[in-house]
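Here is the structure we will look at.
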Amino acid sequence: MKSKLTSIAEAGNLVFSQNLRITHLSKAGRIEEAVRVFEKMTRRNTVTWNSMISGYAKNGRVGDARRHFDEMPAKNLVSWNTMLAGYLHNDLVEDAANLFDRMPKRDLFSWTLMITCYSRVGDLGKAMQLFQKLPDKSDPVCWNAMIAGYAKNKQFLDARKLFDEMPVKDLISYNSMLAGYTQNEEMRLASDFFEQIPERDVVSWNLMIEGFVQVGDLNMAGKVFGQIPNPNVVSWVTMLSAFARNARVDDARRLFDVMPVRNVVAWNAMITGYVQNLRIEEGYQLFLKMPERNSISWTTMIDGFVRVGLLHKARELLEKMPYKNVAAQTAVIYGYVRSVRLDDARLLFDRIGCRDTVCWNTMISGYAQSGRMDDAMELMLKMPKKDVVSWNILIAGYCQTGEMSKAVEVFDRMVKKNLVSWNSLVSGFTQNGFYMDALRYFLSMNREGMKPDHATFACVLSACANLAALQAGGQLHQLTLKNGHLNNLFVGNGLIALYSKCGRVIEAKQMFDEIIWVDIISWNSLIAGYAINGHGKQAIQLFHEMEADGLRPDEITFVGVLSACSHAGLIDKGVEIFHSMTSEYSIAPVSEHYSCMVDLLGRAGRVEEAYKLVSEMPIEANAGTWGALLGASRIHCNLELAKTAAEKLLEAEPYKTSNYVTLSNIHAEAGRWDEVERIRKLMKERGVIKQPGCSWIEVNNKVHAFFADDPTQPRLSEVCETLKRLTVKMRMIGHLPEFDTGLVD
DNA sequence: ATAGGGTTAG
């Protein structure tokens, strides 16, 4: 018979070892197994409960952690601190703050946790407030937390101030400060500081490696790596992933193969390397071979399959994943969203128990990108905590559906806007043709102290290009130079488009030669620029240069090239190129190409041939094509064909006033007043209203807009005077102005 | 055995 005391001791030992097991399993990411151990235990103590709270929180299941915290029989200070740490690890600052306020007792752990919480999310004001309230500041831990906070938020000068003030420094203080330099690309300061550290440990060395990697100096990183007295697994992984991130996967693999100890992080880093360089099969082989997987291994692999478009493999893996975290499920949702399988995405989304902001945003952006704004709004209203990204998605969505007033409404109601919010709105205006508004908002964003980036410039440059606002565009050009955005492809292309559309082909060519990166869009803009400004031969010359450069022309290229042929009167060349599209480049002509061809044949007087081309088109002719045919037949006085084209044009665009006017004019010229009357009636029945004609001109960097029949125009009389003078002048040199007969008899 | 400050993987 065992004595009672021995039984108690043995039971205690059992609890002790089971607690240890729970801790071990949770740290390895095997939380379900930990739960099983916990559930089988007949006796539990406070440490058991605390370990479970910690385990859940570390595996992203804060809700479960909190449930255990609330249900546990007797909490001690460690329980409170563990829960607080749980919120910290999951970036739930508000929950942490609430808990902190309710704590019956606080110690240095509690204060440090709360300070770290604030500084991790960048709220250094609140962190500092707490730090100042801290009763006893003799321990370096809190100082270190503050220094790390400043360092992570790029305020290494503030970090340095604290560092110099603190009474007792330990190695972590030095490393925290060093991190302030290395994480902010201040490698000169970092190197100097590194030399001053009295006793460096492997973390100090690792920080130096990562710092050099950050500034792109892999040579120095490798050199430092070679000097470390006792590199640890972090040193190896840092170096390995540096290679992987710089497309040197094979170098990474060489390190992986020779490193002395490979933990799960090392395996994950290697898999990430393969996956990010789209070598999915090699990544998957490693995934299958690795001795132990955690949630990151699964998520990386799933994300990899999504990247290469193997959605079914991604989904299969997700179903096999033991505990599905939000990140993995969101990766698959993202995959569905990207392939516009919104219903599959939604089904998965609805299944997820504990969604985070990224998950909500992914689903909402899926709807928004497809223009399903009602669905997007429905989710938005249900979403518990919306961030800037959520609102930005809505703005982008409304821009996409062309509902700019709604986009502006969302924008105006946002309390915290970021650069993306501004850019979304500006790009929305540009994409929907509201170029003036794009420029207006560009000015306000500058006034409000928001610094535009390359995306902003790309948008406003395109706006200027479409407005042919050369002066404003030129100023933007200067700004991009000043802000160093000229090396950006989109900005470069914006500038080429600007000068091309403003008729400045020489400047456009200069831009083309100056920018570092050119792509097919750069070539297309330049070719089109030469084409529409009457330099057809040079445009075609450029087309050949582009090919010699090894770039394959696309649909857009041929629009430019064909219009170049048309403008330069190179009829046979145009016909030849048009045919080569299908025979040599396997590009099926679309209506824009047919319009060019009609225009081209029309200019040569080959109107009937143009009509034949249109009637034999394999795709349906659009308004542009009929418009081109109409123009050609009117110039060559082919009244019958003009009538046909005008009727078709009217069919294609029944709400455009000018089409009625044109058709009516044709009949008027032929003296068919009955037809004129019929069209007038048709217009009335369909409720077509004449849009006021509008034009604008840029003078001294101000755009002046003119509307037809607008008596409020400030300098109307002067304008009319000038017009009259010009008309007289034109008559004198023999030009007969063509007056719009309109719908008058 | 459970809670805090510095480095690596999604």
Side-chain angles (χ1 to χ4, degrees), chain A residues 12-13 15-24 26-27 45-55 57-58 72 76-86 88-89 107-117 119-120 139-149 151-152 159 170-180 182-183 197 201-211 213 228 231-242 244-245 263-273 275-276 294-304 306 325-328 330-331:
Chain A
N13 260 338
V15 176
F16 185 93
S17 68
Q18 282 170 323
N19 286 349
L20 203 65
R21 182 95 190 117
I22 288 177
T23 305
H24 169 79
S26 333
K27 279 189 181 158
N45 59 17
T46 311
V47 176
T48 320
W49 288 90
N50 290 350
S51 306
M52 277 313 293
I53 296 171
S54 166
K58 278 183 184 143
M72 70 186 288
N76 60 12
L77 183 52
V78 176
S79 321
W80 286 87
N81 285 341
T82 307
M83 195 59 235
L84 199 57
L88 163 66
H89 289 308
D107 65 357
L108 194 59
F109 272 98
S110 331
W111 286 91
T112 315
L113 281 163
M114 203 55 232
I115 288 174
T116 311
C117 234
S119 59
R120 286 261 170 92
D139 195 295
V141 180
C142 268
W143 290 85
N144 293 346
M146 280 308 299
I147 291 173
K152 282 231 159 56
D170 61 9
L171 180 53
I172 293 188
S173 321
Y174 278 96
N175 284 342
S176 303
M177 192 56 235
L178 180 63
T182 58
Q183 288 165 355
I197 303 179
D201 69 354
V202 69
V203 175
S204 330
W205 286 96
N206 292 346
L207 279 166
M208 290 302 286
I209 305 180
E210 179 60 20
V213 172
I228 309 181
N232 64 5
V233 68
V234 177
S235 329
W236 284 91
V237 171
T238 305
M239 207 55 228
L240 185 159
S241 74
R245 274 189 306 219
N263 61 5
V264 65
V265 178
W267 283 87
N268 288 346
M270 197 58 237
I271 292 176
T272 303
V275 157
Q276 286 185 346
N294 62 14
S295 63
I296 292 182
S297 330
W298 287 90
T299 311
T300 308
M301 209 54 238
I302 290 172
D303 174 61
V306 168
N325 62 7
V326 220
T330 307

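Within every chain, numbering begins at 1; the chains are lettered A, B, ... in the order of the sequence lines, protein sequences first and strands thereafter. Treat the numbers as computed from the prediction; the structure is a model and nothing was measured.
Applying the side chain to side chain contact (heavy atoms under 4.5 Å, CB included) criterion to A/I296, with sequence neighbours excluded, gives A/N268, A/N294, A/T300. The side chain to side chain donor-acceptor pair (under 3.5 Å) test applied to A/T48 returns A/N19, A/N45, not counting sequence neighbours. Residues that satisfy the ring pair (Phe, Tyr, Trp, His ring centres under 6.0 Å) test with A/W49, not counting sequence neighbours, are A/F38, A/H68. Residues meeting the side chain to side chain contact (heavy atoms under 4.5 Å, CB included) test with A/S51, sequence neighbours left out: A/I22, A/T23, A/V47. Scored by the side chain to side chain contact (heavy atoms under 4.5 Å, CB included) test, A/A145 finds A/T112, A/I115, A/T116 as partners (sequence neighbours excluded).
At the heavy-atom level, A/I209 lies nowhere under 4.0 Å from the strands shown. Within the nucleic acid shown, A/N76 has no heavy atom closer than 4.0 Å to any nucleic acid atom. Across all strands, A/A85 comes closer than 4.0 Å only to sugar-phosphate atoms, never to a base (heavy-atom distances). Nucleic acid contact class of A/D170 (heavy atoms, under 4.0 Å, all strands): base. Among the atoms of the strands shown, base atoms are found under 4.0 Å from some heavy atom of A/I172.
Residues A/S204 and A/N175 bring a donor and an acceptor atom of their side chains to less than 3.5 Å of each other.
Taking a heavy-atom distance under 4.0 Å as the criterion, the stretch of DNA chain B touched by chain A extends 5' to 3' from B/dA1 to B/dG10.
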